[in-house]
Enquirer: 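Could you have a look at this structure, given as structure tokens, before my questions?
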Amino acid sequence: MADGGDQRVSPSCDVMSFKYIVIGGGIAGVTCAETLSPLCPTDSILLLTASPLIKAVTNYRKVTRTLEQFDVEERPMFELGETFPNIVVKHQKVAELNSHTKMFQKRLKNASRILIIGNGGIATELVYEIEGCEVIWAIKDSSITSTFIDPGAARFFQPILQQSKLPSEGPLKRTKYIINDDVTDVNSFEESAHLPDTPGSALGPDWHEGLSMKGKKQVSHQVHVVYDVEVTCMLSPDEVKQSRLKTEMLFEKEEQDQWPVYVKLTNNNVYGCDFIVSATGVVPNKHPFVDGGQLSTCEEDGGINVNDKMQTSVEDIYAAGDVCHANWVRSPFWMQMRLWSQARQMGAHAAQCMVADSSGENITLDFCFELFAHVTKFFNYKVVLLGRFNGQGLGEDQELLVRVSEGSQNSVKIRNNISDWMHTNGSILQGTWFGPVAFIILVSDQLPSCWIHKFVDDVTFSESLMHPELRKEYIKVILKNGRMHGALMIGDTDMEETFENLILNGMDLTAFKEDLLNPNIDIEDFFD
Ligand SMILES: NC(=O)c1ccc[n+]([C@@H]2O[C@H](COP(=O)([O-])OP(=O)(O)OC[C@H]3O[C@@H](n4cnc5c(N)ncnc54)[C@H](O)[C@@H]3O)[C@@H](O)[C@H]2O)c1
């Protein structure tokens with residue numbers, strides 16, 4: 001039996017005694033096992049995982065017919081067997097789960113400048129979360145977060161990159177388990193080139209919650225984006241000296257003249273930093289399955305081909321989640337993205353198909369695959385993606401309608417007492433600071449949109465600033481031949497259900513185009 005494993009499983013555990021074997025303790029695998037369990041209560045299920053912690057979906061809620069939101073908890077694997085008696089969990093080796101995030105935290109604490117490569121979900125979240133450290137964000141594209149949002153939406157977020165972070169909304173809801181506290185501090189260039197490459201499942205939503213993302217400087221955000229570049233090579237301080245390469249300065253007067261590591265980018269600029277974060281996507285661990293050559297894979301993305309019943313090309317083998325390629329005739333409004341929402345949906349659908357198959361029933365593709373739907377948070381804004389939200393695959397003759405609303409958010413700094421800014425909507429905060437307690441009252445919500453400075457006395461708020469550039473919402477819909485094919489919503493727009501219906505029912509919107517995003521029309525009532 002492997003360390004920390006389930007006492008009921010012996011090392012020689014006979015896998016043939018299980019009706020179903022699920023490989024992978026990520027969202028797809030765990031959802032599959034959990035869905036199987038009540039569907040076939042008398043059958044035994046074996047879940048094989050590479051780490052002693054598994055990812056469990058909790059607080060699942062449907063936002064609309066296709067949009068779903070949930071949390072992901074990392075749980076000791078034995079807990080699954082306690083809740084689902086017919087599931088046995090086994091792991092092959094003790095993986096140092098969380099070692100990467102722990103290593104990251106530890107190194108960030110002593111860092112004053114880091115370089116982040118990648119322009120997707122993880123990079124975006126890191127750039128927003130990190131404080132107390134300069135961030136050089138090197139991206140391949142000409143706008144930020146391009147995996148998810150268009151250049152217009154990127155401009156909407158742009159001012160936030162330099163602003164102080166909003167205070168977090170509350171205490172952490174979930175427990176994070178740390179297996180191994182003994183993380184070696186890796187500080188040199190040579191050592192950092194050999195960071196452990198532990199296999200594990202993809203991160204879940206809010207993976208960064210509860211982690212301290214603070215560097216050693218007394219600054220909030222200091223992000224410097226370098227567009228349209230890739231990394232040419234990494235260099236040690238000696239290599240930079242010998243090659244006499246000129247390094248880029250971010251400020252007129254640099255605090256440090258030598259960095260532990262340097263990066264040369266394709267625009268020939270060389271940047272020094274404390275360390276580099278590569279957030280360039282997930283590589284599914286499919287090799288154990290495809291190396292024998294029996295399973296058919298997709299040339300384009302390398303995933304294992306599955307049909308609409310999640311069956312691979314080999315009988316009785318199903319695949320779900322990041323590892324698979326959805327090789328079925330797809331709805332015009334659905335596309336595959338390797339996201340936890342799709343991992344959950346595929347894991348659940350695979351379980352239903354496996355049970356239906358074994359009892360000779362026919363099962364159709366789940367409704368969730370009719371429409372691509374993902375809800376997430378970037379820069380502390382709710383972001384909803386529906387259908388072909390960036391016009392993917394729609395060709396030239398697509399039409400975009402965009403609405404951007406200005407916000408009027410104030411930020412108030414409490415002088416000398418707390419360094420963080422406090423934020424409020426559309427009102428001046430005024431209050432007095434008595435020891436550890438701040439008494440705050442809202443004095444006005446009828447303010448002109450301009451910069452406001454307020455000075456009361458030594459113990460009251462000294463400064464109040466408007467952020468005229470801070471925006472409230474960004475809405476984009478994509479029409480083709482008068483019909484809606486996709487939508488992107490940033491902020492609390494409350495449009496998701498209406499747009500979901502409009503996409504799915506294929507209504508001709510030509511006559512309503514002008515009013516579709518008119519803020520004075522309640523579009524929900526209109527289409528009801
Ligand atoms: N809020 C969310 O929905 C969210 C947040 C975080 C992560 N995730 C998911 O978790 C997984 C991992 O996230 P991720 O950010 O690592 O992946 P990602 O797929 O979101 O982004 C990868 C990024 O790396 C870039 N890239 C790839 N190769 C590169 C190279 N050689 N040089 C420079 N850039 C390169 C890509 O252009 C892309 O911008 C993804 O499936 C992601 O969708 C989702």
Side-chain angles (χ1 to χ4, degrees), residues 24 26-28 55 57 63 67-72 74 100-101 104 115-130 135-151 153-154 157 197 199-209 211 213 225-234 263-267 269 271 276-286 300-303 320-326 335-347 372-386 389-390 392 488-490:
I27 296 172
K55 298 253 192 313
V57 168
V63 182
L67 264 178
E68 52 186 44
Q69 230 170 336
F70 53 84
D71 301 325
V72 173
E74 284 180 337
H100 288 106
T101 40
F104 175 73
L115 186 131
I116 298 180
I117 308 159
N119 199 14
I122 301 283
T124 303
E125 288 175 340
L126 278 177
V127 164
Y128 178 67
E129 293 297 331
I130 290 172
V135 174
I136 304 168
W137 189 8
I139 59 176
K140 279 209 296 193
D141 320 281
S142 47
S143 62
I144 59 166
T145 320
S146 66
T147 311
F148 293 93
I149 59 167
D150 59 274
F157 282 135
D197 190 15
S201 47
L203 298 161
D206 299 341
W207 60 274
H208 46 79
E209 275 200 34
L211 293 177
M213 294 274 192
V225 188
V226 190
Y227 294 96
D228 301 307
V229 287
E230 284 185 60
V231 171
T232 308
C233 59
M234 288 204 304
V263 173
K264 186 174 177 196
L265 301 176
T266 43
N267 61 1
N269 288 354
Y271 290 94
I276 300 158
V277 179
S278 172
T280 52
V282 278
V283 182
N285 186 16
K286 60 172 181 168
E300 209 181 307
D301 68 5
D322 286 356
V323 81
C324 79
H325 169 81
M335 64 213 162
Q336 185 176 8
M337 268 181 90
R338 288 177 163 83
L339 298 165
W340 45 77
S341 43
Q342 292 197 352
R344 198 210 65 79
Q345 292 164 343
M346 287 180 171
F372 174 91
H374 186 58
V375 55
T376 183
K377 220 175 206 192
F378 288 129
F379 303 103
N380 215 30
Y381 277 74
K382 179 177 170 186
V383 176
V384 177
L385 311 170
L386 289 180
F389 60 91
N390 271 336
Q392 297 96 327
L488 165 65
M489 285 150 272
I490 301 174

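None of the values given here were measured: they were computed from a predicted structure. Indexing begins at 1, ligand by ligand and atom by atom, following the structure's order.
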Enquirer: Distance-only, no hydrogens or angles: does the Asn119 side chain make a donor-acceptor pair with backbone N or O of Ile144 under 3.5 Å?
Expert: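 No, the answer is negative, given that no donor and acceptor are paired below the 3.5 Å cut-off.
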Enquirer: Can you find an N or O of Phe148 that's nearer than 3.5 Å to an N or O of ligand 1?
Expert: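 No, since none of the N or O atoms of Phe148 sits under 3.5 Å from an N or O of ligand 1.
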Enquirer: Give the numbers and elements of all ligand 1 atoms closer than 4.0 Å to a heavy atom of Ala279.
Expert: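 Those atoms are 16 (O), 22 (C), 23 (C), 24 (O).
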Enquirer: May I ask you to decide whether Arg338 forms a salt bridge with Asp301, counting only side-chain N to carboxylate O separations under 4.0 Å?
Expert: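 A salt bridge is present here (some side-chain N lies under 4.0 Å from a carboxylate O).
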Enquirer: Please confirm whether Met337 approaches ligand 1 to less than 4.0 Å, judged on its heavy atoms.
Expert: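 Heavy atoms of Met337 never come under 4.0 Å of ligand 1.
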Enquirer: Atoms of ligand 1 less than 4.0 Å from Phe378 heavy atoms?
Expert: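 Heavy-atom distances to Phe378 below 4.0 Å select 1 (N).
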Enquirer: Is the backbone of Asn269 close enough, under 3.5 Å, to the side chain of Asn267 for a donor and an acceptor to pair up by distance?
Expert: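 Yes, the answer is positive, given that a donor and an acceptor are paired below the 3.5 Å cut-off.
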Enquirer: For ligand 1, which is the ligand I care about here, please tell me if Thr376 has any N or O atom under 3.5 Å from one of the ligand's N or O atoms.
Expert: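 Between Thr376 and ligand 1 (N or O atoms, distance only) the closest approach is under 3.5 Å.
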Enquirer: With heavy atoms of Thr147 as the reference, note each atom of ligand 1 found under 4.0 Å away.
Expert: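 That gives atoms 20 (O), 21 (O), 38 (C), 39 (O) of ligand 1.
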Enquirer: I'd like to check which ligand 1 atoms, numbered from 1 as shown, lie under 4.0 Å from a non-hydrogen atom of Gly118.
Expert: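 Counting atoms of ligand 1 from 1, those under 4.0 Å from Gly118 are 24 (O).
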Enquirer: Answer yes when Arg344 and Glu68 have at least one side-chain N-carboxylate O distance shorter than 4.0 Å, and no when they do not.
Expert: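 Salt bridge between Arg344 and Glu68, a charged N being under 4.0 Å from a carboxylate O: yes.
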Enquirer: Any chance you could lay out the side-chain contact (heavy atoms from CB on, under 4.5 Å) test for Gln342 and Gln336, step after step, and finish with the verdict?
Expert: CA-CA 8 Å; Gln342 292 197 352; Gln336 185 176 8; 3.6 Å; yes
Enquirer: Just by modelled atom types, is the Ala123 backbone N or O under 3.5 Å from a matching donor or acceptor in the Glu125 side chain?
Expert: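 Flag not set: sc Glu125 to bb Ala123 has no pair under 3.5 Å.
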Enquirer: Spell out, as yes or no, whether a donor-acceptor pair under 3.5 Å connects the side chain of Lys377 to the backbone of Val383.
Expert: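 Side chain of Lys377 to backbone of Val383: no pair is present.
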Enquirer: Within the structure, does Trp340 bring an N/O atom to less than 3.5 angstrom of an N/O atom in ligand 1?
Expert: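 So ligand 1 has no N or O lying under 3.5 Å from an N or O of Trp340.
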Enquirer: Under a 4.0 angstrom heavy-atom cut-off, which atoms of ligand 1 come close to Asn119?
Expert: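 Those atoms are 23 (C), 24 (O), 38 (C), 39 (O).
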Enquirer: Return yes or no for this condition: an N or O of His374 is under 3.5 Å from an N or O of ligand 1.
Expert: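 N/O-N/O distance below 3.5 Å exists for this pair.
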Enquirer: Would Ile122 count as being in polar contact with ligand 1, using the rule that some N or O on each side must be under 3.5 angstrom apart?
Expert: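 Indeed, backbone or side chain, Ile122 has an N or O that close.
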Enquirer: Compute the shortest N/O to N/O distance between Leu339 and ligand 1 and return yes if it is under 3.5 Å, no if not.
Expert: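 Between Leu339 and ligand 1 (N or O atoms, distance only) the closest approach is not under 3.5 Å.
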Enquirer: Do the side chain of Trp137 and the main chain of Gly118 share a donor and acceptor less than 3.5 angstrom apart?
Expert: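 Confirmed, Trp137 side chain pairs with Gly118 backbone.
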Enquirer: Hey, looking at atom 17 (O) of ligand 1, which of Ala343, Ser341, Gly281, Gly120 has the closest heavy atom?
Expert: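 That would be Gly281.
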Enquirer: CG of Asn380 to OH of Tyr128: how many Å apart, nearest 0.5 Å?
Expert: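 Here the interatomic distance stands at 4.0 Å.
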Enquirer: Between ligand 1 and Lys377, is the shortest N or O to N or O distance under 3.5 Å?
Expert: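 The answer is no, given that Lys377 and ligand 1 share no N or O pair closer than 3.5 Å.
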